[in-house]
Amino acid sequence: MQITNERNGNSLTVFISGRVDTATAPELEKFIEENTDGITELILDLKDMSYTSSAGLRVILKAQKKMNAQGSMKVKNVQSTVMEIFEMTGFSDILTIE
């Protein structure tokens, strides 16, 4: 997994590539925790994310809860394999997906 980001004022776009699983999810969780203070819009760009496990889903849900308290969160460019996971788990109903 690789994480890059782009900050524009109070907006943060996080680009996630590769697999988010039990080995890599803690790194993503730490990155989101350390970089979202003062952020009112979080965008997760998943164009290059090929897979997420339940550990990755937990990190995304935690980020959504944090952003509900301080602003908003959007998920963009979801690949079909990851979208299937979101649909099977009900995440497609919880997340704002563009």
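Start at 1 with the first residue, then count along the sequence.
Inter-residue side-chain proximity for Y51 and T81 is flagged as unmet; no heavy-atom pair is nearer than 4.5 Å. Residues L95 and I60 form a side-chain contact, since some pair of their non-hydrogen atoms from C-beta on lies under 4.5 Å apart. Looking at N5 and T13, their side chains never come closer than 4.5 Å, going by heavy atoms from C-beta outward. Side-chain contact between E41 and L12 is absent, with no heavy-atom pair separated by less than 4.5 Å.
Between K74 and D45, no side-chain nitrogen of the basic residue sits less than 4.0 Å from a carboxylate oxygen of the acidic one, so the salt-bridge criterion is not met. Between K62 and E33, at least one side-chain N (NZ, or NE/NH1/NH2) sits under 4.0 Å from a carboxylate O, which counts as a salt bridge.
Taking both residues in full, the closest heavy atoms of I85 and T52 are given as CD1-O, 3.5 Å, listed atom of the first, atom of the second, then distance. The shortest non-hydrogen separation linking T22 to S53 is N-OG, 3.7 Å. The shortest heavy-atom contact between G56 and A25 is N-CB, 4.0 Å. The shortest heavy-atom contact between F91 and L57 is CE2-O, 3.4 Å.
Considering only residues two or more places apart in sequence or on other chains, D93 meets the salt bridge (charged side-chain N to carboxylate O under 4.0 Å, His left out) condition with none of them.
Distance check, rounded to the nearest 0.5 Å: CG of L46 to CD1 of I16 gives 5.5 Å. Expressed to the nearest 0.5 Å, how far CG of D37 lies from CD of Q70 amounts to 7.0 Å. Summarising the geometry, atom CE belonging to M49 is positioned 8.5 Å from atom CG belonging to L28; distances are rounded to the nearest 0.5 Å. Of the inter-residue distances, the one linking M73 atom CE with I43 atom CD1 reads 11.0 Å to the nearest 0.5 angstrom. A distance of 6.0 Å separates OG in S50 from CZ in R19, rounded to the nearest 0.5 Å. One finds the OG1 atom of T96 at 11.5 Å from the CE atom of M67 (value rounded to the nearest 0.5 Å).
Side-chain N or O atoms of E98 include none that pairs as donor or acceptor with a backbone N or O of V75 at under 3.5 Å.
Within a 6.0 Å radius of CD in E87, other residues, nucleotides and ligands contribute more than 12 heavy atoms. The environment of Q2 atom CD is sparse: at most 12 non-hydrogen atoms of other residues, nucleotides or ligands sit within 6.0 angstrom. Sparse packing is recorded around CG of N8, with 12 or fewer heavy atoms of other residues, nucleotides or ligands lying under 6.0 Å away.
Taking hydrophobic clusters as Ile, Leu, Val, Met, Phe, Trp and Tyr residues chained together by side-chain heavy-atom distances below 4.5 Å, F15 does not share a cluster with I39.
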Mind running side-chain contact (heavy atoms from CB on, under 4.5 Å) on I3 and V14 for me, showing each step along the way? CA-CA 7 Å; I3 302 168; V14 180; 3.7 Å; yes
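Side-chain N/O atoms of D21 and T24 include a donor and acceptor closer than 3.5 Å.
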